[in-house]
Amino acid sequence: MQFIQLVISGIAQGCIYGLIALGFVLIYKATETVSFAQGELMMLGAFCGLALMTFMGFPFWLAVISAIAAMAAFGVLLERIVIRPILGQPAFSIVMLTIGIGYVARGLITMIPGIGTETHTLPVPYKDQVWNVGALVLNAEQMVIIGATTMLCALLFAVFRYSKVGIAMQASSQNQLAAYYMGIPVKRLNGIVWGLASAVAAVAGLLLAPITFVHANMGFIGLKAFPAAVVGGFGSLPGAIVGGLVIGIVESLSGFYLPEGFKDIAAYIVVLVMLMVKPNGLFGDKLRKKV
Amino acid sequence: MTQNPPAVSDTPVLKLLNVESAYGPIRAIRGVSLQVRRGEIATVLGSNGAGKTTILKTISGIIDPRKGSVEFKGESITAKDPAYIVQQGLSHVPEGREVFPLLSVHDNLLMGAYTRKDKDGIARDMEAVYTYFPILRERAQQDAGLLSGGQQQMLAISRSIMAAPDLMLLDEPSLGLSPKLTKEIFEIVVRINRERGTTILLVEQNANMALNASDYGYVLENGRIVMEDTCARLREKDDIKEFYLGMKEAGVRGERRWKKKKNWR
Amino acid sequence: QQQGVSKTEILVGTIQDLSGPLAGYGKQARNGMQLRIDELNEQQGNINGRKIRLIAEDDGYDPKKAVLAAQKLVNQDKVFIIAGHLGTAQNMAAMPVQFEKNIVNLFPITAAREMYEPLNRLKYSFAATYYDQIRIALPKLVKEKNAKKICTIYQDDDFGLEVLRGAEAGAKSMNMELAEKTSYKRGATDFSSQVAKMKASGCDMVVLGTIIRETIGTVAESRKTGFNPTFLGSSAVYTDLIHKLGGKPMDGIYATMTVQNPYLDEASQPIRFWANKYKTKYNEDPTVFSVYGYSIMDQFIQAAKKAGPNLTTDTFIKAMDTMTFEPDMFGSPKSSYTATKRLGNDLSRLSQITDGKWKVVSDYVKPTP
Amino acid sequence: MTTTSTNDILLSARDLSVRFGGVLAVNKVSFDVKRGEVFTLIGPNGAGKTTVFNLISRIYTPTTGTIDYEGQPLTQQPPHKIASLGIARTFQNIELFEHATVLQNMLIGRHTHRTTSLLDDILFTKKARQAEIDAREKAERIVDFLDLQHHRDSMVAGLPYGVRKVVELARALCTEPKLLLLDEPSSGLNVEETEDMAFWIQDIQHELGITVLMVEHDMTLVSKVSDRVLAMNQGEVLAMGTPREVQNDLGVIEAYLGTVDDVSSLRRTAA
Amino acid sequence: MRFIFKTDYGQDIDLVKHNGQRFWYGLLMVVLVAAPWVFPEYWLAQLNFVLIYAIVGLGLMLLAGFTGLFSIGHAAFLGVGAYTEAVFNNMGVPFPISIALAGLLSAAVGVIVGLPALRVKGIYLGIATLSFGFIVEEVLARWESVTGGNAGITVKKPAMFGWSIDSGTGFYFLCLIIAVVATLGILNLLRSPTGRAFVAIRDSEISAQSMGIHLARYKTLSFALSAMLAGIGGALYAHKLSFISPDQFNILQSIDLLLMVVIGGLGSVHGAFLGAIFLISMPQLISLTKDYLPATIGQAPGLQGLVYGVVLIAFVLFEPYGLYGRWLKVRTYLQLFPFYRKGLFKRQKSFQKSDRLK
Ligand SMILES: Nc1ncnc2c1ncn2[C@@H]1O[C@H](COP(=O)(O)OP(=O)(O)OP(=O)(O)O)[C@@H](O)[C@H]1O
Ligand SMILES: Nc1ncnc2c1ncn2[C@@H]1O[C@H](COP(=O)(O)OP(=O)(O)OP(=O)(O)O)[C@@H](O)[C@H]1O
Ligand SMILES: [Mg+2]
Ligand SMILES: [Mg+2]
């Protein structure tokens, strides 16, 4: 029983990692850069939802939808202003930009007087609800995360696998020059990708807020999502979720059964083991350059 | 080729005026002016580093010219976004293949048709390129990056055909293709020109092929156009014969290893 | 010539986290200090003809930046004193820089023992350490609740460690052992396995070496899984955020405290007045950290006044070493300093959340002999 | 055209096969490369020529079959050892060090000849300096040989395609190989430059005494420089012999060369 | 423009190419040596930090800039070095020995961390190093008997054979000497076969391998050297801070280090120094200027992070090749002075290509 309860907690926590990892993978798949700002976008999304719900008094669903839409728009704008000017530069430049964006986002939020340095709670209707199934305790907040994550993942997977735009995004990440030659509007797609990633981040932020609260540093959880993405294979959307689950469950179990300290580094040990055994993660493409 | 070719009209589809492009401090082409008329095949000859690729890249907006203007179908496309230019009905087979290595062959071809909306037309063209290059059909689900060099070249050309463009820029289409396929490629190029009326600008090291397939030719040296004429007449010029067609007056070069200076007679 | 003291001005430096993980606290502490300075400069005149100017540096909770900040304050701005520096490691890194120039490190905002141990004439620490708080409060609470098994969950850093040590010492004084010690990394969000562990060991008393979100996370997770021991936190838990964010499940938690949280609707009139003044000035609710900042500055002013017109590090130390500070309106205990006693006091009170608010539930707890 | 009379076999492949998933890229291919000859692989696209090169340079491991080099099995060597055994290669798609100059690229080619230890390098001892100067001299000689003076200090990233091909050749020569693998050396070169390439290959064979194994589609070049030709198709050997023999082989014509020789049929007929 | 007439290959190899360079670097050295008597104490302390970070930066530059292996866990090496130094120094081991041990132990850890680099690249390597970083941090925190755990340890002044370096000046010269030696070592390395092998691996592994470069050996070597410099830097850092705790070597520190080399200019030795100057002086500049801002902005928490982020973004946008790139432009401008053409440095359109296949 204990074990099952731990696994359930692990799954719930894993879904959180997976959800954030989804954002990483999304950006990576479509632009081949790693966004270090994903956690901060999530934080902005949560603050956005908070502002709408508590300060502007929007009803819950309206607030959620507006927050996601607003963040999507913000993502597009961000791409337009900050990323686009250096589109085509080596991927690492863009990684640096995202680090910068992270600093700015955190700084800006912190600067809001009376709000930025505080921790807030998001008034969601399902707060603190628990279902007892036998001796197990299921937590509404966690169940919502699991459900939403699965849906988002399926949706994004379909987009990338079957839609023309999705394939074009991958194409432009693999060879931008050729994408231009094909008339693929690389810049516009990039905008869409960042919009999408911000929207996903907003969803993550809103779902996470009841558990971790809303504060300027909530984005740091993204550091745990990196291992999740890697374990799953960085280019794979389902991999992000599976990776998240693996990490979540391992963490939860090692926290209970292993000596102190292991829980905190379990994720990283899993990553290292994975990289030794299967360097491209569970679902990553096996890549080898043909010469 | 027996079918009646569409008449080459006098209106230029593509017009370059005094174009100058540079990579940093290196000026790769200087004051190039050329025209491609609707329905014709034009070719640019030139030795290594003459700037042929640079011209094509400048046309499709991959590099912005320092000076001069590029006009496509009467509209200026100077320094526009490459995606925009391609959407105007131009497609470019780049030097060095540039396939999408991690997409399947089929998806690569689909990307070629990105700017098109007509589903039926796309399916038809897909069928057509599969007939041109049966190996692509065989490998439709394989990652393009794992194809052999020549197969990738076929894919690059096919991808461009899939775009059903008005103007096709071909940068060394025969690179790495077997002799048999090289001929076939040129036949396909000519067929596309004749059957669909696609205007073509061709850059090719295989000058013999290029001069036979094209209507009009330019010779580029050190970033400048030094000669232009119809291909029929170019084929008769001595320098062309010697330097581009490899037909030597006996004993001029032969097995000896000195180079005659080109003076563009 | 004493640096940082002119005819008309005393330069006080402070280093706070204004951009890092504890930016909230850092800002409040600085505001509290500034509030007291403004009171002095605008209403009460001066200290022997001198006004105070505060220079606040941001170290982003990074020891390396703390060194640079201290260097700037000491060598560039040439402050007279550094007061209220936030963070243990940050203080540890900055102190050598200050001491080299004979600059007092007054009342750093950290309850680590290193702030007054080993003895140094330039060190002053003002409030009971986390170690002492728990060490002293735990036996009292254990007796009261008749607890059998003590566990602790602590943050895996210098702060958490102090609480753990306090709990260990407290347990030892009752000839008990900690039944379970479990930790988490700063910023963790999931406490399920830690709670499961403590639940599995059947604890009925849990010492919280946690701060805000972790306290809420731990307690909420416990309540959900039907684990209901007595929770005891240090003064780091004593903040209004616990009940504001955590809501109903937080009711019943105990925490040690040194000064009272200044609720805006506080019953005591002076605190209410003060809290509203703060709110008007900074447009946000004051917290205990605002109070820390305010008290630190207040006590500095008292000591500086006492030091007389010739204000130097030496005269200041001399004044400090004979100082006794009476309890202030926030209910801080009486504290005193001598040349060898550099911790103002080691006392704290117990408070408990009832109906979504901290209530003081005990007087100052004396160490059980 | 000289044919070496030595029977000395430098490289010998026996029953080489390699499979990638469903594709049998090379199927039971056997051939011998004699010391001092120019041996050419031809074949339609996708025949498996480059794959044979990759097998020799140990980028792939054969599914079955063996490769012997100077009588030793090559398949047991790790990939980085191949160069020090005296096998150098160029790549079909050009694999240069883009962010280095031509000269630096060539100096990297001297890697197998390094004599200095790490400590020598860090302290840049006299020995290191001398080794460096020696390496330069060797590289400069090849710069002269291949007419690269003009591009010596240019970044590879900015070079035209044709020059890169030559730089790759230069880099391979810098390793002072016994066996040189050239993958389509003339692709991207015009007629005139291809002629130069032919001269170089002949010089490499005769003056430097290097055995050349080459993949090439330009039949003029092939017949000019090769001693023997192996034609492949779909991974299998189609024909082997002198250039002339192979060129006249019906199978080769069918699969590779094509029948139409007159390209004037491409011309636009007057409307 | 300066034209140098070269008469032998040796000239190409020399570190200093002409008298102009000799003059400027000489002048720089003079200034550095005179610094303790010329600059106010506060500036000297900053300079000291710059030197320490430059040493670490040199190592990371070797790894990231020249070998193309990005480490997001470099603070771990800094930490290993710092702790080794702290432990041995506090035990009374003479300073030269303890700092050598710090370097060697870090190098050993570097080799271990380098192992995954043999199999993975790019982002995967990044995450692998990041993971190692976390693990090392955890070990430092948990191995209390040696490291003092999270409570941290105080580091005594460097001392050897009864002589201790306690003045700011002495320590400054120590850092200066080590920095100069490290720089020369790296420069030597880069003009020799080892350095070229690194660059080859960065640009094309497959081709490097076919040139006979043992990828595994050189990658591990790069990790080891890089970690060694980080370890030595860490040892100096430990003395400079005189108090170290595990969380000083966390991911944020690692990111700072990476930012340092990127801002300095990946792939240039100058970059390591310029980056260190940036990293250290930026927060100071912000705090110097914020006194002049209106209080609502100047005193707002978060300002530091915001400005830092904005500067970072501006950098990437306007100077993707880092400070060194900017410096090169300024220099070219001066050299070409009357003939400088405006478009010379106009940025080309450039196109990203997958480096998943390298
Ligand atoms: N990225 C670049 N950076 C700097 N210079 C370049 C760059 N690309 C090309 N060049 C220079 O521009 C000139 C023209 O190059 P271009 O590629 O257009 O030649 P080309 O005629 O296509 O040659 P090839 O037949 O070899 O393909 C060359 O001298 C080359 O050195
Ligand atoms: N790593 C690989 N994975 C899957 N298939 C491969 C791989 N490498 C080669 N192939 C397949 O093996 C076949 C032979 O490829 P190879 O590159 O050897 O051809 P080639 O003879 O060099 O042709 P070309 O003249 O076009 O370069 C091709 O069909 C190719 O798709
Ligand atoms: Mg070209
Ligand atoms: Mg090939």
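Numbered from 1 within each chain, the chains take letters A, B, ... in sequence-line order. The basis for the numbers below is simple: all heavy atoms, side chains too, and nothing from hydrogens, waters or symmetry mates.
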A.B. asks: Can a donor-acceptor pair be found between the side chains of A:S9 and C:E221 at a distance below 3.5 Å?
C.D. replies: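 Distance-only check fails for A:S9 and C:E221.
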A.B. asks: Taking all non-hydrogen atoms of both residues into account, name the closest pair between A:T117 and C:G24 and its distance.
C.D. replies: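 Taking A:T117 first and C:G24 second, the nearest heavy atoms are CB-CA, 3.2 Å.
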A.B. asks: Less than 4.5 Å apart, side chain to side chain, heavy atoms only: is that true for A:K224 and C:K185?
C.D. replies: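 Counting from C-beta outward, A:K224 and C:K185 never come under 4.5 Å.
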A.B. asks: For A:T119, which atoms come within 4.5 Å of any heavy atom of chain C: side chain, backbone, both, or neither?
C.D. replies: both
A.B. asks: With a 4.5 angstrom heavy-atom cut-off, which part of C:E214 approaches chain A: side chain, backbone, both or neither?
C.D. replies: neither
A.B. asks: Measure the spacing between NE2 of A:H215 and CG of C:L241 and express it to the nearest 0.5 Å.
C.D. replies: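 A:H215 NE2 to C:L241 CG: 11.0 Å, rounded to 0.5 Å.
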A.B. asks: Measure distances from A:I8 to the heavy atoms of chain C and classify the residue's part below 4.5 Å as side chain, backbone, both or neither.
C.D. replies: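 No part of A:I8 comes within 4.5 Å of chain C.
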A.B. asks: Quick one: what part of C:D156 sits under 4.5 Å from any heavy atom of chain A, side chain, backbone, both or neither?
C.D. replies: side chain
A.B. asks: Should we count NZ of C:K277 as having more than 12 external heavy atoms under 6.0 Å?
C.D. replies: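 Atom NZ in C:K277 is crowded, with more than 12 foreign heavy atoms closer than 6.0 Å.
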A.B. asks: Please round to the nearest 0.5 Å and tell me the distance separating atom CG of A:N217 and atom CZ of C:R213.
C.D. replies: 6.5 Å
A.B. asks: To the nearest 0.5 Å, what is the distance between OG1 on A:T110 and NZ on C:K27?
C.D. replies: 9.0 Å
A.B. asks: Using non-hydrogen atoms and a 4.5 Å limit, figure out which bit of C:L245 sits close to chain A: side chain, backbone, both or neither.
C.D. replies: both
A.B. asks: Find the distance between CG (A:L208) and OG1 (C:T189) and round it off to the nearest 0.5 Å.
C.D. replies: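 With rounding to 0.5 Å, CG (A:L208) is 6.5 Å from OG1 (C:T189).
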A.B. asks: Can a donor-acceptor pair be found between the side chains of C:K199 and A:Q2 at a distance below 3.5 Å?
C.D. replies: no
A.B. asks: Take C:T182 and A:K263 through the side-chain contact (heavy atoms from CB on, under 4.5 Å) test and state the conclusion after the steps.
C.D. replies: CA-CA 10 Å; C:T182 179; A:K263 177 172 183 176; over 6 Å; no
A.B. asks: Between A:L223, A:I221, A:T212, which shows the greatest number of heavy-atom pairs under 4.5 Å with chain C?
C.D. replies: A:T212
A.B. asks: Taking atom CD of A:E260 and atom CD of C:E180, what is their separation to the nearest 0.5 Å?
C.D. replies: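 That separation rounds to 7.0 Å.
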A.B. asks: Can you say whether A:F213 sits under 4.5 Å from chain C via the side chain, the backbone, both, or neither, judging by heavy atoms?
C.D. replies: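 It is the side chain, since no backbone atom gets that close.
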A.B. asks: Could you check if a side-chain atom of A:L253 sits within less than 4.5 angstrom of a side-chain atom of C:S193, using non-hydrogen atoms only?
C.D. replies: no
A.B. asks: Which atoms of C:S19 are under 4.5 Å from chain A, going by heavy atoms: the side chain, the backbone, both sets, or neither?
C.D. replies: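 Answer is neither: C:S19 stays 4.5 Å or more from chain A.
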A.B. asks: Between C:I216 and chain A, with a heavy-atom cut-off of 4.5 Å, which part of the residue counts as in contact: side chain, backbone, both or neither?
C.D. replies: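 Contact with chain A involves the side chain of C:I216 alone.
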A.B. asks: For C:K248, which atoms come within 4.5 Å of any heavy atom of chain A: side chain, backbone, both, or neither?
C.D. replies: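 Neither; nothing under 4.5 Å.
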A.B. asks: Please name the pair of heavy atoms, one in A:T121 and one in C:K244, separated by the smallest distance, quoted to 0.1 Å.
C.D. replies: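 That closest heavy-atom pairing would be CG2-O, 4.0 Å.
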A.B. asks: Could you tell me whether A:Y257 atom OH has more than 12 heavy atoms of other residues or ligands within 6.0 Å of it?
C.D. replies: yes
A.B. asks: Quick check: are there more than 12 heavy atoms from other residues, nucleotides or ligands sitting under 6.0 Å from OH of A:Y126?
C.D. replies: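 Count over threshold, so yes.
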